[in-house]
Visitor: 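This is the structure I have questions about; it appears just below.
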Amino acid sequence: MKNIIYALSILLLFASCKDKTSAQTNIVEPKIETSIQHENVAYKSIEVNGINIAYREAGNHENPSIVLLHGFPASSHQYRKVLNQLSNEYHLIAPDYPGFGNSDFPNSKTFKYTFDNLATTINAFLEKKNINNYAIMIQDYGAPVGFRLATANPERITAIINQNGNAYEAGLGDAWQGIRALWKDRNETTETALLPAFSLEGLKWQYTHGVRNIETVNPDNWNLDYLRLSRPGAHAVNLDLFYDYQNNVKLYPKWQQYLRDNQPPLLIVWGKNDAFFPESGAAAFKKDVTNIDYNIYDTGHFALEEDGDAIIKKMRSFMRKHTK
């Protein structure tokens with residue numbers, strides 16, 4: 001009998017402790033804001049000029065829109081944290097460019113891979129989605145796409161969020177040496193010299209160079225990119241874009257004039273250890289924009305990977321201040 005009473009006492013004590021632990025957990029959890037997942041992300045596709053454009057979308061269409069423009073070698077996948085964390089207040093849409101992510105990969109004979117054509121496609125995509133008033137978030141390739149959208153229709157842009165998206169020659173780092181050689185003379189030698197950028201190790205380097213802790217970077221990033229860059233013709237298409245990037249540099253003065261004339265609210269959230277676009281590229285914006293919220297992070301090219309929570313918190317406060 002004593003053993004039965006003892007066993008029942010233990011069970012009652014365990015149940016009591018469990019109830020107390022649950023109560024304590026319920027009190028603490030609501031204090032954590034940045035890691036909360038707000039809305040489900042929808043994975044969609046729409047035909048634009050004969051090309052199926054894949055995109056991720058989250059949030060209420062009646063809220064202010066943010067168009068998330070990805071870089072190389074990435075896709076809308078790079079904005080997964082933003083989509084999950086900001087969709088309770090904003091309408092978020094992240095398209096994959098032709099040849100990137102889950103969008104169609106048209107043959108270079110039917111689609112000329114230039115930044116003009118990427119921007120034209122994304123502009124048509126936004127118009128088809130009836131998104132005519134929006135902030136843009138730009139990173140890497142997202143900058144030449146985004147600034148083309150902005151200079152073509154400045155009245156549509158409510159704000160710019162810039163994470164290592166360059167618009168100044170001062171912002172082109174040492175990693176451009178091989179691409180500059182391609183610009184000067186495109187031939188088999190200068191093309192072959194760039195092929196390591198498409199290898200698994202080369203892609204991993206782009207995500208991990210300059211980070212404080214490599215364990216904060218999701219390896220799905222470079223593994224997904226490697227699969228896409230292993231498709232037949234992918235190297236040639238991306239070399240076309242490397243070669244065409246020189247036309248972005250020629251447009252830098254036009255983009256700078258847009259900034260001076262329109263003074264869009266600008267949030268800088270820049271990884272300072274980026275070998276492609278170092279901090280000098282971020283600082284250059286101060287010359288042309290007066291309304292600038294300037295933030296530098298001790299990380300690399302894809303700053304959202306390591307400092308996503310801090311950057312997204314900054315994005316939220318910036319958007320609350322500058323959009324209705």
Visitor: Side chains of Y168 and K287: any donor to acceptor distance under 3.5 Å?
Guide: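 K287 vs Y168: no donor-acceptor pair found between side chains.
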Visitor: What I want to find out is whether E305 reaches R80 closely enough, with some N-O distance under 4.0 Å, to be called a salt bridge.
Guide: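 Yes.
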Visitor: In terms of hydrophobic clustering (I, L, V, M, F, W, Y; side-chain heavy atoms under 4.5 Å; direct or indirect links), are V211 and L304 co-clustered?
Guide: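 They do not share one cluster, since no chain of ILVMFWY contacts under 4.5 Å joins V211 to L304.
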Visitor: Do the charged groups of D298 and R212 touch, with an N to O distance under 4.0 Å?
Guide: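 No.
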Visitor: Any donor-acceptor pair under 3.5 Å linking the side-chain atoms of E57 with those of H91?
Guide: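 Judged by distance alone, the side chains do pair up.
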Visitor: Can you label the angle between the Y141 ring and the F72 ring as parallel, tilted or perpendicular, going by 30° and 60°?
Guide: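 If you compare the ring of Y141 with that of F72, the planes turn out tilted.
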Visitor: In Å and rounded to the nearest 0.5 Å, what is the CD1 to CG distance from I51 to D104?
Guide: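 Spacing of CD1 (I51) from CG (D104) equals 7.0 Å.
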Visitor: I would like to know whether I131 and I93 meet side chain to side chain contact (heavy atoms under 4.5 Å, CB included); could you show each step before the answer?
Guide: CA-CA 10 Å; I131 300 172; I93 190 159; 3.7 Å; yes
Visitor: Parallel, tilted or perpendicular: which fits the ring planes of F318 and H322, with parallel below 30° and perpendicular above 60°?
Guide: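 If you compare the ring of F318 with that of H322, the planes turn out tilted.
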Visitor: If you measure from CG on L194 to OG1 on T189, what distance do you get to the nearest 0.5 Å?
Guide: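 Interatomic distance, L194 CG to T189 OG1, rounded to 0.5 Å: 11.0 Å.
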Visitor: Determine, using ring centers only, whether F198 and F242 are less than 6.0 Å apart.
Guide: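 Yes - the distance between ring centres of F242 and F198 falls below the 6.0 Å cut-off.
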Visitor: Check the pair K313, D309 against side chain to side chain contact (heavy atoms under 4.5 Å, CB included), reporting the backbone distance first and the verdict last.
Guide: CA-CA 6 Å; K313 182 178 180 181; D309 285 350; over 6 Å; no
Visitor: Is the distance between the ring centroids of H301 and Y207 less than 6.0 Å?
Guide: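 So the answer is no for these two rings.
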Visitor: Please tell me whether W222 and L195 are part of a single hydrophobic cluster in this structure, the criterion being side-chain heavy atoms less than 4.5 Å apart.
Guide: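 As far as the 4.5 Å side-chain criterion goes, L195 and W222 are connected within one cluster.
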Visitor: Under the criterion side chain to side chain contact (heavy atoms under 4.5 Å, CB included), I'd like the reasoning laid out for V67 against L126: C-alpha separation, chi angles, the key distance, then a yes or no.
Guide: CA-CA 9 Å; V67 177; L126 293 171; 3.8 Å; yes
Visitor: Give a yes or no on whether the backbone of G165 and the side-chain of N162 come within a donor-acceptor separation of less than 3.5 Å.
Guide: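 Judged by distance alone, yes, a pair lies under 3.5 Å.
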Visitor: Kindly indicate whether the side chain of R148, heavy atoms from C-beta on, has any atom under 4.5 Å from the side chain of I122.
Guide: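 No, their side chains stay 4.5 Å or more apart.
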Visitor: Establish, from distance only, whether the side-chain atoms of N88 and R316 form a donor-acceptor pair under 3.5 Å.
Guide: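 Yes.
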Visitor: Under 6.0 Å from the ring centre and within 45 degrees of the ring axis: does the NZ or CZ of R231 meet both conditions for the six-membered ring of F105?
Guide: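 Yes, R231 and F105 form such a contact.
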Visitor: Any chain of hydrophobic side-chain contacts (each under 4.5 Å) joining L203 to Y79?
Guide: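 No, no single cluster joins them.
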Visitor: Angle between ring planes, W183 versus Y245, binned at 30° and 60°: parallel, tilted or perpendicular?
Guide: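 Parallel: the ring planes of W183 and Y245 meet at under 30°.
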Visitor: How long is the straight-line distance from NZ of K314 back to CG of D293, given to the nearest 0.5 Å?
Guide: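 Here the rounded value is 4.5 Å.
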Visitor: Near D174 CG, under 6.0 Å, is it more than 12 heavy atoms from other residues, nucleotides or ligands?
Guide: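 Open: at most 12 neighbouring heavy atoms sit under 6.0 Å from CG of D174.
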Visitor: Give a yes or no on whether F147 and Y252 share a hydrophobic cluster (residues Ile, Leu, Val, Met, Phe, Trp, Tyr; joining criterion: side-chain heavy atoms under 4.5 Å apart).
Guide: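 Yes; tracing contacts between hydrophobic side chains, which count when under 4.5 Å, links both residues.
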Visitor: Please determine whether side chain to side chain donor-acceptor pair (under 3.5 Å) holds for the pair N130 and N132, giving the CA-CA distance in whole Å, both sets of side-chain angles, and the decisive distance to 0.1 Å.
Guide: CA-CA 6 Å; N130 198 30; N132 298 308; 3.1 Å; yes
Visitor: As a quick check of understanding, evaluate ring-ring contact (aromatic ring centres under 6.0 Å, His included) for F277 and W176, giving each step before the final call.
Guide: CA-CA 9 Å; F277 304 118; W176 287 89; 5.6 Å; yes
Visitor: With a 4.0 Å cut-off, would you call K204 and D225 a salt bridge?
Guide: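 D225 and K204: not salt-bridged.
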Visitor: Mind checking whether N164 and V269 have side chains closer than 4.5 Å, heavy atoms only?
Guide: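 No - every pair of side-chain heavy atoms lies 4.5 Å or more apart.
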Visitor: Going by distance alone, is a donor N or O of one side chain under 3.5 Å from an acceptor N or O of the other, for Q257 and D261?
Guide: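 Yes, a side-chain donor-acceptor pair sits under 3.5 Å.
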Visitor: Quick check against the 3.5 Å criterion: does Q263 have a side-chain atom that pairs as donor or acceptor with the backbone of R260?
Guide: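 At least one qualifying donor-acceptor pair exists.
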Visitor: Can you tell me how far the CD atom of Q163 sits from the CD1 atom of I268, to the nearest 0.5 Å?
Guide: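 The CD atom of Q163 sits 10.0 Å away from the CD1 atom of I268.
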Visitor: What do you reckon, are the aromatic ring centroids of Y294 and F285 less than 6.0 Å apart?
Guide: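 When the ring centroids of Y294 and F285 are compared, they turn out to be at least 6.0 Å apart.
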Visitor: Quick check for you: to the nearest 0.5 Å, what is the distance between D274 atom CG and W270 atom CH2?
Guide: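 Taking CG in D274 and CH2 in W270, the distance rounds to 7.5 Å.
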Visitor: Any side-chain to backbone donor/acceptor pair from E47 onto G50? Under 3.5 Å, distance only.
Guide: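 Yes; at least one donor-acceptor contact below 3.5 Å.
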Visitor: Indicate whether any N or O donor in one side chain lies under 3.5 Å from an N or O acceptor in the other, for S76 and D96.
Guide: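 There is such a pair (donor and acceptor under 3.5 Å, judged by atom type) between the side chains of S76 and D96.
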Visitor: For the atom pair CG (N49) and CD1 (I53), what is the distance rounded to the nearest 0.5 Å?
Guide: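 Rounded to the nearest 0.5 Å, the CG-CD1 separation comes out at 9.0 Å.
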Visitor: Under 3.5 Å, is there a donor-acceptor pair between the N221 and N223 side chains?
Guide: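 On atom types as modelled, these side chains do not qualify, holding no pair under 3.5 Å.
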Visitor: Between W205 and F276, how do the two ring planes meet: parallel, tilted or perpendicular, split at 30° and 60°?
Guide: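 The arrangement is perpendicular - the two ring planes meet at more than 60°.
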Visitor: Quick one: is the NZ or CZ of R186 closer than 6.0 Å to the six-membered ring centre of Y243, and within 45° of its axis?
Guide: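 Judged by the rule (NZ or CZ under 6.0 Å from the ring centre, within 45° of its axis), R186 counts as positioned above Y243.
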